[in-house]
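In what follows, a structure is listed as structure tokens, so that the remarks can point back to it.
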Amino acid sequence: MPVKHKTPFELIIPECEGDLLQIQDLHFAYPDGHQALRGINLSICEGEKIALVGPNGAGKSTLMLHLNGILGEDTPITIAGLKLEKGNLPLIRALVGLVFQNPDDQLFSPTVFEDVAFGPLHMGLPEEEVRLRVEEALAAVGMDNFGSRLSHHLSMGQKKRISIATVLAMHPQILVLDEPTAGLDPRARRSLINFLRDLPITMLVSTHDLRMVADLFPRMVIMDEGKIVADGQTQLLLKDEDLLLAHGLESLS
Amino acid sequence: MLYAPTNLHIPDGFLTIIVSLIFWLITIVMVGLAVSKTNKSLGEKQVPLMGVMAAFIFAAQMLNFPIAGGTSGHFLGGALAAIVLGPWAGILVMTAVVGVQGLLFQDGGLLVMGANIFNMGILTAVIGFGLYRLVVHQKRGVRLVVAGGGAWIATMAAALAASLQLWLSGTTRLEIVLPAMLGVHALIGVGEGLITVAALAYIEQTRPDLLNAEKTTREGGRGWIVGSVLVTLAAVLISPLASGSPDGLERVAENLGFLGSGQDAPYQILPDYTIPFLGETAVSTILAGVVGAVILMGLLILVGRNLRRRTEV
Amino acid sequence: MHVDVFDQFHFSESRVHSLDPRVKVVITVAFILSNAILPDGSWLALALAWLFLLLGNDLSNLGLGFTLKRSLIALPFALVAVSAIFSPLGEPLADWDLGFMILVPTDAGLIRFASIMLRSWLSVQIAILLVATTQFPDLIHALEHLRLPRTLTTIIAFLFRYLFVLTNEVHRIQRARKSRSARLPNVRGGGNLGWRIKTTGSMVGQLFTRSYERSDRIYQAMISRGYTGHIRTLNPHQVKSQDWLVLGISAGMLILIQLVGWIL
């Protein structure tokens, strides 16, 4: 992987031209009674790259599972103008590309090709289009010619990239990643961060990796105990040591 | 050793074509039923669940436990799979496991796979689940004991079925092989039973939702109880009969048209196997010589090619 | 322990590797079937079958002895067939008195035993050749297009994928057990058999719950990508004229083997 030298990345929240995603007062409790989300309000604009941070059990993953309707029914969520309800689910699942934390859960097919083709195939696309999209998605994550490889032969970093390709092939409007750098060695982590920076797509990324947040995300959302406790410019929030400490985060300085 | 074959996986060549086909037929019917039943009961979640469970059984079979004197017991898992997943899903999971063992590892043959699936997947599911279903509303201790006992009986039944299939094929003398098979599997079965009990106890402690009586009764009706009791009774009746006085069984098989043909079953397919104009004649001897020469020549050519290739590299 | 233990496939280019997997599956099954219906003692036909197998080995660039090396897996089972030597049909050859039973090997029994062993040995080898020249995912496709129920082939695909993940988990669990199995000098440790089996059982239970929870997460990953209960796949294979040719030649050779077996 060649090292890319880029002009300094502008960490500025873009002007909002119409919300891509809106959540108004979202509550959720698991069947065992655990109240995981207590009134979430969030809106995301097109082109934004947002970090979602907070301690374990804060509700980050639960929130992400709501974004394409895996958890919750008829939730107060609107995506690209579509209300999240049963009839819209197939379309919304194509719009929201959700990548799970463990690539061994995300990559469930024997070969890379079959995994990347899974989404497009289940969208009902014709065969030619499916093959085209697989090629394109693998190229986008820098994994050309990996189609015939067996998933269990891949390294962790490769699995992470292919996991992202599996949803990119569906042409999502927003990419939702759950702890993408977890379990990566420093080099693979750096390469993934560079890749995410160059990826021209709206993304919401949950992570404990504050260094990556500082590098990559103009906007940062902090969650704790099922609530959003802070939402704003990363540079400002990362300076607020009391805030970080109060919610189980370590300051970078 | 990472992967040790258990001695219940019959390889190709050990069963005659007729015995193989009969058990393929039974297996195909049962697996077909299982596919349609699980489609209804488990819905869309069935595929990943059964797939990962099949991998689980496969992986669990690698956890061997030392018994004594260098031998180690292996886990089959058929009864456990049927109890926790329901009998139909259990059958499908075991079918996939036995299938991959045969296909990928040559542990068990392909033509005889129907018999292997029957022994290790279907029999174990019927007995393991049915007996457990009988006591599903009883106290925890009773349930665990019956589950363990069921796993032991299932292992014995699988060994018995394999012995009978081999004997029907004229591959073994029952009075020699059956006591040995049952003796070995009586031991292996104890391990199987104990592991099944310990695994169920652990699952009940950590995920009681996966193992409640209501779920179990939903997955299989009273028919399974009847089936398991009948199969168990049959096994109990046949074993002493077969090992004690195989002559009786032999007579039954002879009447059914197996034995005497067990030795040469294909003759039933091609009754006129002696082609009239070719007997033990000079022509057949010459032909045999020609074929022999052709084989020898082919061998020489192949070996020669290989040697040349090796020297070229 | 590396996962490659499970990968029998040998990456190399050859005419056998590039055959349509369906054709290879059909030829493999037909070959095993052919062996099974050969009469006992048809040594010439079995020799021809062996030649067919060697030809397959040769054409696959794996070397003539490739399948031979791995074919000993069925050997333990030979023990079971040994008793066929004492078949009551046929002329007695000897008389062994073991004290508790008298064993009488017969000529028909000996022929039967040798035939079973040869059939088995040849059949195992062609199965080895099949998986050595075919990627397992292609094999799954072949089964799917040979009309195996979709539910079953999908389970097999998952089994193949998660076999590696779960066996690694097993190794981790076993390593953890081993590293805590300390033993003091002059103290009999290690627990009794019951205790050992109970630990193994708990491991199985633990593996089960972990696997069950994993299947939940996989299901979520699947519906995230549009899964609604029907698995769809593409067929990457097309039967080419070369495949038909190989199929025809193989069929011819198998018929020849049968003729030799039954007539001579």
- Task: Answer with side chain, backbone, both or neither: which region of C/V260 has an atom nearer than 4.5 Å to a non-hydrogen atom of chain B?
- Result: side chain
- Message: So does B/G170 get a backbone contact from the side chain of C/R112, meaning a donor-acceptor N/O pair under 3.5 Å?
- Response: yes
- Task: Check each atom of C/Q206 against the heavy atoms of chain B and say whether the ones under 4.5 Å are side chain, backbone, both or neither.
- Result: both
- Whatever's closer than 4.5 Å to a heavy atom in chain C on B/I295 counts as both
- Message: Quick check: closest heavy atoms across C/V124 and B/Q106, and the distance to 0.1 Å?
- Response: O-CG, 4.1 Å
- Toward chain B, the part of C/S211 with a non-hydrogen atom under 4.5 Å: both
- Message: Which heavy atom of B/A54 sits nearest to which heavy atom of C/I155, and what is that distance?
- Response: CB-CG2, 4.1 Å
- Message: Is C/W121 in contact with chain B via its backbone, its side chain, both, or neither, using a 4.5 Å heavy-atom distance?
- Response: neither
- Message: If you define the side chain from C-beta out and look only at heavy atoms, does anything of B/M53 sit under 4.5 Å from C/Y162?
- Response: no
- Message: I'd like to verify something: which residue of C/N57, C/I116, C/L55 has the highest number of heavy-atom pairs under 4.5 Å with chain B?
- Response: C/I116
- Task: Quick one: pull up CD in B/Q101 and CG in C/L159 and give me the separation to the nearest 0.5 Å.
- Result: 8.5 Å
- Rounded to the nearest 0.5 angstrom, the CZ-CZ distance for C/R210 and B/R207 is 14.0 Å
- Task: Kindly indicate whether the side chain of B/F58, heavy atoms from C-beta on, has any atom under 4.5 Å from the side chain of C/L166.
- Result: no
- Note on the structure: Taking every heavy atom of B/A55 against every heavy atom of C/L163, the minimum-distance pair comes out as CB-N, 3.7 Å
- Query: Is chain B contacted by the side chain of C/I85, its backbone, both, or neither, given a heavy-atom distance below 4.5 Å?
  - Reply: neither
- Message: What I'd like to find out is whether the side chain of C/Y227 reaches to under 4.5 Å of the side chain of B/V47, using heavy atoms alone.
- Response: yes
- Message: Under 4.5 Å from any heavy atom of chain B, what part of C/I173 do you find: side chain, backbone, both or neither?
- Response: neither
- Rounded to the nearest 0.5 angstrom, the CD-OH distance for B/Q46 and C/Y219 is 10.5 Å
- Contact class of C/L256 relative to chain B, heavy atoms under 4.5 angstrom: neither
- Message: The test is salt bridge (Lys or Arg N to Asp or Glu O under 4.0 Å); show your working for C/D58 and B/R305 and say whether it passes.
- Response: CA-CA 9 Å; C/D58 183 66; B/R305 264 175 51 132; 2.7 Å; yes
- Query: B/L210, B/T196, B/V112: which one forms the most heavy-atom pairs within less than 4.5 Å of chain C?
  - Reply: B/L210
- Who are the side-chain hydrogen bond (donor to acceptor under 3.5 Å, both in side chains) partners of C/R150, not counting sequence neighbours? C/E144
- Note on the structure: Highest number of heavy-atom pairs under 4.5 Å with chain B among C/L44, C/N35, C/L64, C/T209 belongs to C/L64
- Message: As an exercise: rank C/A84, C/G63, C/A157 by heavy-atom pairs under 4.5 Å with chain B and give me the winner.
- Response: C/A84
- Query: Where on C/L143 is there a heavy atom nearer than 4.5 Å to chain B: the side chain, the backbone, both, or neither?
  - Reply: side chain
- Using a cut-off of under 4.5 Å for heavy-atom pairs, which of B/L200, B/V84, B/T206 has the most such pairs with chain C? B/V84
- Message: For the CH2 atom on C/W50, are there more than 12 heavy atoms of other groups (residues, nucleotides or ligands in this structure) within a distance under 6.0 Å?
- Response: no
- Taking atom CG of B/L111 and atom CZ of C/R119, what is their separation to the nearest 0.5 Å? 11.0 Å
- Message: Please find the pair of heavy atoms, one from B/A198 and one from C/S202, that lie closest to each other, and give the distance.
- Response: CB-N, 4.1 Å
- Tell me, do C/Y212 and B/L49 make a side-chain contact under 4.5 Å, heavy atoms counted? yes
- Taking all non-hydrogen atoms of both residues, which atom of B/G298 and which atom of C/L51 are closest, and how far apart? C-CD1, 3.7 Å
- How long is the span from the CG atom in B/L287 to the CG atom in C/L259, to the nearest 0.5 Å? 10.5 Å
- Hey, does the side chain of C/S120 reach the backbone of B/D12 with a donor-acceptor pair shorter than 3.5 angstrom? yes
- Item | Sub-4.5 Å side-chain heavy-atom contact between B/V52 and C/R161 | no
- Note on the structure: Comparing C/A108, C/A81, C/A47, C/G109 against chain B, the one with the most heavy-atom pairs below 4.5 Å turns out to be C/A81
- Task: Flag the one option from C/I218, C/I156, C/V170, C/I32 with the top tally of heavy-atom pairs under 4.5 Å to chain B.
- Result: C/I32
- Side-chain contact, heavy-atom cut-off 4.5 Å: B/L80 with C/F208? no
- Engaged part of C/T134 at the chain B interface, taking heavy atoms whose separation is under 4.5 Å: neither
- Query: To the nearest 0.5 Å, how far apart are CD1 in B/I301 and CG in C/L54?
  - Reply: 12.5 Å
- Item | Largest heavy-atom contact set with chain B, pairs under 4.5 Å, which of C/L152, C/L139, C/T154 | C/L152
- Search all heavy atoms of B/L104 against all heavy atoms of C/F136 and return the closest pair with its distance. CD1-CD1, 3.4 Å
